[in-house]
Amino acid sequence: MKLKIENNEWTVGNDLWSVAIGRATGGCINSMVCFNGSNKNILAAPVSSRFSEYSDLHESAPEIRVLEKRKDRIAIKVRGVLRDRNGRSGGIGYDYIYEIRGDGCLKITRKFIPSKTSAKFSNMVVGRMEMNDSLGEYAASVISRKYRVNGNACVMESLRGSGFKIYGKTASSDGNVFSCDGMAVKLSFFSRGREGVEWLPASDLGEWEKFAGDNGKSRCSISYDPGKKRVVMAVEPFCSARPAALSGPCVFTSYLTLPAVREKQERRFRSIRFSPHPWPTEKQIENWARNGVNTIVFQDDNCLRARANWRDGSYPPYDGQGMRNLERMIASVHKHGMRIVPYFSNAHIHPAAGPSGKKIAQWTRAWPAADEARAYGKEVCYEAPGWRRFFKDSVKRVLTRHPFDGIYYDENILVPCDNRLHFRGRHTGADGLIDLMRWTRKFLGKDRIMIVHEWHDPLVLADNLADVVLTGEDIFHCRKQYGRLLELDEFTPHAGFMNIAPRLILSFPLRKEKARAVERFLAKCAVCGYFPEIRVNGPPGETYKVIDGREKERKILKFDKAFSGLDLGQYHFQNYLNRVVLTDCPNVKTAIYWKQDELLIVLSNLGEKQERFKWRVNLSGIAGKCEMGPAMTGLLRKKGLIGGVKGVLAGYEFRILRFPLPCLFSRHPSSHSRESA
């Protein structure tokens, strides 16, 4: 990372993003830019805090100094006084520490110190954000049932008693988009498939809710200002009709995370997950490799009733013959040029794993709605330091003793907990999960891969650090609400999310569907840039063992094979939402991959009947992605890609068309302006 101090502005950034702190705006963050997104400031106003009319924005001469400057971490301290518009002090000083990491996560510690003459206030807003309305969608994770949404929002109740996950649009005619009583666990704002920003409080919810007594309450809200075209996030630890004053210093700790949006994604993962019941044969492994699979997830931990499985937290998993089978399988996978990673649930521990019942009780997650009697063992909390140490040691032991190529983390989500044996009050595990993600990335290094499984609850930092994200379990659970497989524009909103890590989509929701539904599912994946993960076997007692029938497996392997000869990490990508390739048929959707000398056009028929259509490249849609002079425009026109090309696709059929185009770029598309960094 680099730090530049110029014109009373402290700018920290790298090749992917920048964050700027300005003296003229009270030491508040006044700019956040994703270079490979819009390459524009997503903030419409500085990130500010206020106690009634007294705000940090009105402090004209705050003290700003650099506390720490390392290769991957820079800390900046800001000190000032909250003032009103006329510059009068409210008697409340503030100390802010911005700790900015190279992984895109900015930890903000805000401390407010009252004087003997500090003013009373009726509301307290900490870290208010005004964003451009280009961030047209939001995601909220809340604990309280007292939430309110405006518009056609999708609300999903977590199966693990961790509250509700809400997705919706940020634009609203009356301005009120979302609100909830108490603190949200997380709020994300994004332009799907492009960029965004995520806010979450640190683990200690008591910091944010301690003022919400009989005389007040805490709340979070999202609103839309149609006149200014701004999306506004307000976090209010205190709101009351009866003014109050600070009795002493108070601290609020939170995170802002910018997505690590890269020019190109390494869309190289085509995955199969299996359990050794039975162990795969050499012929099976060879067949997977021949059909384009390159990543194997080995999972064998699920059910307490199963006698021979790899119980969470335990080692060794098998007897002597079982361990020899494990080594044979790893060697066979490597022989056929594939990678293999072991499954870990970082949220469960098996009772037979080793630690005493007393230790497990200290680590266990406690919450009124938590299901602690699951078949998979005890749920644990990321905030229990003993658990994190135990879990890290388990990961190190397995990857040190066996030549696995990385790791797979399941249930990589934030969940609330109220176990006072390891924390003083209600907490979310945010600090612990962030620590675990950073430790894992450092431990694995650049050569080994990290796969994280997110349900309907993405975490930007995890996406930034992971090599690939597995999602789609919410497709299965949402069917209970929708009564059908989701349509394309409802396709797991966070699967498109912020264009950070490539996505694998679980295929087990298709287990009861007919083979035709698999084709429809794959036709959607083709124009979204997703690859389906195949589960070809399941542990004893598992409720969703396999996708039914070899015909479904063959169809997905055929999908993998269609892309296996392409190094997609060399291409830029635009999905069906970006209208770079247009068709005259509503059922036919398109996507485009391109690099310096080639276009890949993906055409996909989402209807069940044959379609005849015309398609063309939309020059205005690709403008800004690459610069094309008259000669290149003429070449595209000569090939018919501008005037229109006729096509025919059978129902649920997709096709990849390759067009060599020498010198497509007259400049490299990554040459964004990075002056701010």
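All residue numbers refer to positions in the sequence shown, counting from 1. For clarity, every value in this text was computed on a predicted model and none was experimentally measured.
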ask   = Do D300 side-chain atoms and S275 backbone N/O form a donor-acceptor pair below 3.5 Å?
value = no

ask   = Taking the side chain from R273 and the backbone from S271, do they hold a donor-acceptor pair closer than 3.5 Å?
value = no

request  = Dump the intermediate steps for side-chain contact (heavy atoms from CB on, under 4.5 Å) on R192 and N499, then the final yes or no.
outcome  = CA-CA 8 Å; R192 195 185 302 195; N499 195 30; over 6 Å; no

ask   = Looking only at atom types and distance, does a side-chain atom of H572 sit under 3.5 Å from a main-chain N or O of W594, one as donor and one as acceptor?
value = no

key: Salt-bridge present (E99, R101; N to O < 4.0 Å)   = yes

inquiry  = If the condition is side chain to side chain donor-acceptor pair (under 3.5 Å), which residues does E327 pass it with, not counting sequence neighbours?
reply    = H402

ask   = With the threshold set at 4.0 Å, does a side-chain nitrogen-carboxylate oxygen contact exist between E533 and R270?
value = no

message = Would V469 and L504 count as a side-chain contact (heavy atoms from CB on, under 4.5 Å) here? Give the steps.
response = CA-CA 6 Å; V469 172; L504 293 173; over 6 Å; no

Contact check, side chains of L414 and S141, non-hydrogen atoms, under 4.5 Å = no

key: Nearest-0.5 Å distance that lies between atom CZ in R535 and atom CD1 in I272   = 12.5 Å

ask   = Do you know the tightest heavy-atom contact between E263 and N36?
value = CG-OD1, 3.3 Å

request  = Side-chain contact test, heavy atoms from C-beta onward, threshold under 4.5 Å: evaluate it for K264 versus Y571 and give yes or no.
outcome  = no

message = With a sphere of 6.0 Å drawn around NZ of K392, does it hold more than 12 non-hydrogen atoms of other residues, nucleotides or ligands?
response = yes

ask   = Does the side chain of M1 reach to within under 4.5 Å of the side chain of R70, using non-hydrogen atoms?
value = no

request  = Please name the pair of heavy atoms, one in A523 and one in Y652, separated by the smallest distance, quoted to 0.1 Å.
outcome  = CB-O, 4.0 Å

ask   = Roughly how far apart are N294 CG and D560 CG, rounded to 0.5 Å?
value = 8.0 Å

ask   = Do the side-chain N and O atoms of E383 and S203 include a donor-acceptor pair separated by under 3.5 angstrom?
value = yes

inquiry  = Treating N464 as the side-chain partner and P259 as the backbone partner, does any N or O pair qualify as donor plus acceptor under 3.5 Å?
reply    = no

message = Quick one: does any side-chain atom of T295 pair with a main-chain N or O of R339 as donor and acceptor, under 3.5 Å?
response = no

ask   = Side chains of N346 and Y382: donor-acceptor distance under 3.5 Å anywhere?
value = yes

message = I want to check something: taking the side chain as every heavy atom from C-beta on, are M498 and V460 in contact at a cut-off of under 4.5 Å?
response = yes

ask   = Where the side chain of R365 meets the backbone of P416, is there a donor-acceptor pair that is under 3.5 Å apart?
value = yes

inquiry  = Please report the interatomic distance CG(N419) to SG(C381), rounded to the nearest 0.5 Å.
reply    = 7.5 Å

query = Between atom SG of C528 and atom CG of L577, what is the distance when rounded to the nearest 0.5 Å?
reply = 7.5 Å

message = Which residue is it: K442, R441, R438? I am looking for the one with a salt bridge (Lys or Arg N to Asp or Glu O under 4.0 Å) to D103.
response = R438

inquiry  = Could you check whether any side-chain N or O of K589 sits under 3.5 Å from a backbone N or O of A526, counting only pairs where one atom can act as donor and the other as acceptor?
reply    = no

inquiry  = Whether R448 and D405 form a salt bridge (side-chain N of Lys/Arg under 4.0 Å from carboxylate O of Asp/Glu) is what I want to check.
reply    = no

D447 atom CG: more than 12 heavy-atom contacts under 6.0 Å = no

inquiry  = Any non-hydrogen side-chain atom of R268 less than 4.5 Å from a side-chain atom of L568?
reply    = no

query = With ring centroids as reference points, do Y343 and Y408 lie under 6.0 angstrom apart?
reply = yes

Short side-chain donor-acceptor distance under 3.5 Å, D410 and S345 = no

ask   = How far apart are the closest heavy atoms of S394 and F344, and which atoms are they?
value = O-CZ, 4.1 Å

message = Between R262 and D15, is the salt bridge (charged side-chain N to carboxylate O under 4.0 Å, His left out) condition met? List the steps.
response = CA-CA 9 Å; R262 296 170 177 85; D15 288 339; over 6 Å; no

ask   = Are any of the side-chain heavy atoms of D463 and R503 separated by less than 4.5 Å?
value = yes

ask   = Ring centroid separation for W199 and F189, is it under 6.0 angstrom?
value = no

key: Salt-bridge contact E553-K555 (side-chain N to carboxylate O under 4.0 Å)   = no

task = Establish, yes or no, whether a centroid distance under 6.0 Å links the rings of F274 and W279.
result = no

task = Just say parallel, tilted or perpendicular for the rings of F559 and F531, cut-offs at 30° and 60°.
result = perpendicular

message = Using the ring pair (Phe, Tyr, Trp, His ring centres under 6.0 Å) definition, which of the options Y409, F443, W439 pairs with F391?
response = Y409

Any W367 side-chain heavy atom under 4.5 Å of V415 side chain = no

inquiry  = Looking at S332 and M329, would you say the former's side chain and the latter's main chain have a donor-acceptor pair under 3.5 Å?
reply    = no

request  = Quick one: sort the F404 and W310 rings into parallel, tilted or perpendicular, breaks at 30° and 60°.
outcome  = tilted

query = With distance as the sole criterion, is a donor-acceptor pair present between the side chains of E198 and T257 under 3.5 Å?
reply = no

task = Give, for atom NZ of K446 and atom CG of D467, the distance between the pair rounded to the nearest 0.5 Å.
result = 12.0 Å

query = Checking side-chain contact (heavy atoms from CB on, under 4.5 Å) for the pair L200/V185: CA distance, chi angles, key distance, verdict?
reply = CA-CA 6 Å; L200 62 152; V185 175; over 6 Å; no

task = Indicate yes or no for a side-chain donor-acceptor contact from N287 to the backbone of K283 under 3.5 Å, with no hydrogens or angles considered.
result = no

ask   = Is the backbone N or O of E411 less than 3.5 Å from a side-chain atom of H453, with the two atoms forming a donor-acceptor pair by type?
value = no

ask   = Do W17 and V261 have side chains that get closer than 4.5 Å, going by heavy atoms?
value = no

query = Which pair of non-hydrogen atoms, one from I500 and one from A260, has the smallest distance, and what is that distance?
reply = CG2-O, 3.8 Å

task = Let me see the working for E286 and K335 under salt bridge (charged side-chain N to carboxylate O under 4.0 Å, His left out), right down to the final yes or no.
result = CA-CA 9 Å; E286 182 181 4; K335 172 185 172 183; over 6 Å; no

key: Value rounded to 0.5 Å, distance of CD in E379 from CD1 in I360   = 13.5 Å

key: Side-chain donor-acceptor contact under 3.5 Å, Q574 with Y593   = no

message = Quick one, V518 with I556, criterion side-chain contact (heavy atoms from CB on, under 4.5 Å). Give me CA distance, side-chain angles, the key distance, then yes/no.
response = CA-CA 8 Å; V518 177; I556 299 178; 4.1 Å; yes

note = Tightest non-hydrogen contact, residues N412 and A462, listed as ND2-CB, 3.7 Å

remark   = Heavy-atom nearest pair, L399 first then G406, reads CD2-O, 3.6 Å

query = Between E519 and R516, is there a salt bridge with N-O shorter than 4.0 Å?
reply = yes

task = For the residue pair Y255 and D431, confirm or rule out a side-chain donor-acceptor distance under 3.5 Å.
result = yes

